[in-house]
Amino acid sequence: MLKTKGYAAQVAKAPLAPYSFERRELRDHDVLVDIQYCGVCHSDIHQARDEWGGSIFPMVPGHEITGIVARVGSQVTKFKVGDRVGVGVYVDSCRECEECKSGLEQYCDRLAQTYNSHELDGTPTLGGYADKIVVNEDFVLDIPENLPLNATAPLLCAGITLYSPLVHWGAGPGKKVAVVGLGGLGHMGVKLAHALGAEVTVLSQSMKKQADAARLGADHYYSTADPETFTKLRRHFDLIMNTVSAPLDWNAYLQLLKVDGTMVMVGLPDRDIPVGAGSLIPSRRSLAGSMVGSLKEMQEMLDFCGKHDIVSDIEMINIQDVNAAYERVIRSDVKYRFVIDMASLK
Ligand code: NAP
Ligand code: ZN
Ligand code: ZN
């Protein structure tokens, strides 16, 4: 077994604290990643505080991992020692079900998420707020040479979570796309939708992030605190990417869709929100959801970002500051993703 240092929550809502544990010895197809950086996703906070229910403790959060391959199993063909790699939201899937066979492994019923989940053999998974991780080579991604490992870490969750639905629902030239919530996911949504050629509008709680939104690639910006926003933009968008982590009145946002428009939920609040059929029927609208993306899409997204020089806007922190960072994420006070420098663990 491999001695590993990390940070964990021992029970729901407990502050994260130093935690020593063991990773498995490498199997034939495993890669040992020396973790250099890990992004702080709002999902880490939801789960460490058990806001979705069913959290498994002790919990080492973290699923926006970048690092260097330190060792490979005897049968590994995809990677060699020294390669720059990433690991995202899941580390294995059953490989047998319809979803796995059709390249939609993120929707596998037995998906092994990177933490707060179980490996296929039942072992609890522990995430990327740690100095190393052992992952099957099929679930490890290649990082393009021109992208820095720290600002690339958030692409492994925030990036793919926006890229996959933007591509699936055809964001591109001639399409009007709204991004609701300019946080970790939202700011990647703006960069990616802009690079895909769509006309991008940010809908934020206040006007405070207007200049940032323009710099990130947004064409328009409105405050949702102003009721006029909802009359002005009625039936305006082809696609709305809702990244908000808190409960909102979805009915009000659905009114902003054109005929045949779609609002995709990627934000996952801790409460159910009632939606009226009357919000959908008059304009044949769709309300949809989407979870991260497939392995194929993840590599495609990383290569797209390499080509367009897209990374996350980050604030680097030491692991000792992670609890304070959580509080700032909750206050929507981060520009636009915290990334932990794992050298601070040593
Ligand atoms: P984040 O950085 O905290 O961003 C969320 C943004 O939502 C904030 O920046 C804020 O934007 C807005 N917001 C927050 N509280 C609000 C409130 N009370 N009312 C209105 N707007 C509010 O979080 P994130 O890491 O981007 O994650 C966002 C959500 O996506 C979380 O629920 C997370 O669990 C979920 N998620 C889902 C997937 C998936 O696969 N579907 C993947 C990763 C994360 P403004 O200040 O601009 O209003
Ligand atoms: Zn995430
Ligand atoms: Zn499966």
Side-chain angles (χ1 to χ4, degrees), residues 38-49 51-52 61-65 88-90 92-116 120 127-128 153-165 178-190 202-210 212-213 216 218 221-225 241-250 252-253 264-271 288-294 298 312-315 325-338:
C38 186
V40 173
C41 177
H42 206 121
S43 302
D44 300 348
I45 305 174
H46 288 307
Q47 293 177 91
R49 300 188 174 189
E51 292 171 353
W52 295 336
H63 59 204
E64 293 185 337
I65 299 165
V89 172
Y90 50 95
D92 210 352
S93 72
C94 85
R95 300 161 194 249
E96 290 164 0
C97 70
E98 200 177 317
E99 287 72 28
C100 285
K101 283 186 173 156
S102 59
L104 288 169
E105 52 285 304
Q106 75 270 36
Y107 299 115
C108 173
D109 244 353
R110 293 170 63 201
L111 189 71
Q113 299 209 24
T114 305
Y115 69 89
N116 194 28
L120 296 175
L155 302 186
L156 277 305
C157 174
I160 188 59
T161 300
L162 274 294
Y163 180 86
S164 172
V179 175
V180 188
L182 196 62
L185 266 56
H187 94 291
M188 288 312 308
V190 172
V202 168
L203 301 176
S204 182
Q205 297 169 88
S206 72
M207 296 305 289
K208 278 192 273 187
K209 300 177 181 173
Q210 186 174 22
D212 286 350
L216 296 166
Y221 184 102
Y222 294 89
S223 162
T224 53
M241 306 300 309
N242 191 332
T243 76
V244 174
S245 47
L248 287 185
D249 178 10
W250 295 353
Y253 290 84
V264 184
M265 296 308 309
V266 288
L268 182 49
D270 58 0
R271 247 165 295 157
S290 182
M291 190 175 118
V292 288
S294 66
M298 281 207 264
S312 173
D313 284 26
I314 61 168
E315 292 190 46
Y326 276 19
E327 294 303 328
R328 282 188 52 198
V329 172
I330 290 165
R331 293 199 301 272
S332 306
D333 172 29
V334 47
K335 293 195 165 183
Y336 276 89
R337 196 58 137 189
F338 286 115

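All ligand and atom numbering here is 1-based and tracks the order in the structure. From a predicted model like this one, the values you see are computed outputs, not experimental measurements.
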Review point. Heavy atoms only: which of Ser206, Gly183, Gly184, Ala246 is nearest to atom 15 (N) of ligand 1?
Key: Ala246

Practice item. Ignoring hydrogens, just give me the one of Ser204, Ser332, Pro269, Gly267 whose non-hydrogen atom is nearest atom 45 (P) of ligand 1. Key: Ser204

Ligand 1 and [X], any nitrogen or oxygen pair closer than 3.5 angstrom?
{"X": "Leu182", "result": "yes"}
{"X": "His46", "result": "yes"}
{"X": "Leu268", "result": "yes"}
{"X": "Cys41", "result": "no"}
{"X": "Val266", "result": "yes"}
{"X": "Tyr336", "result": "no"}
{"X": "Val292", "result": "yes"}

**Study point:** Sub-4.0 Å heavy-atom contact, Trp52 with ligand 1
**Key:** yes

Practice item. Could you tell me whether ligand 1 has any atom less than 4.0 Å away from a heavy atom of Cys157? Key: yes

Practice item. Verify the distance criterion only: is there a donor paired with an acceptor across the side chains of Asp44 and Tyr326 at less than 3.5 Å? Key: no

Review point. Do any of the N/O/S atoms of His42, backbone or side chain, fall under 2.8 Å from the Zn ion (ligand 2)?
Key: no

Point to revise | Apex the Zn ion (ligand 3) - arms SG from Cys94 and SG from Cys108 - angle rounded to 10° | key: 110°

Revision key, fill the gap. So the angle subtended at the Zn ion (ligand 2) by His63 atom NE2 and Cys41 atom SG, rounded to 10 degrees, is 120°

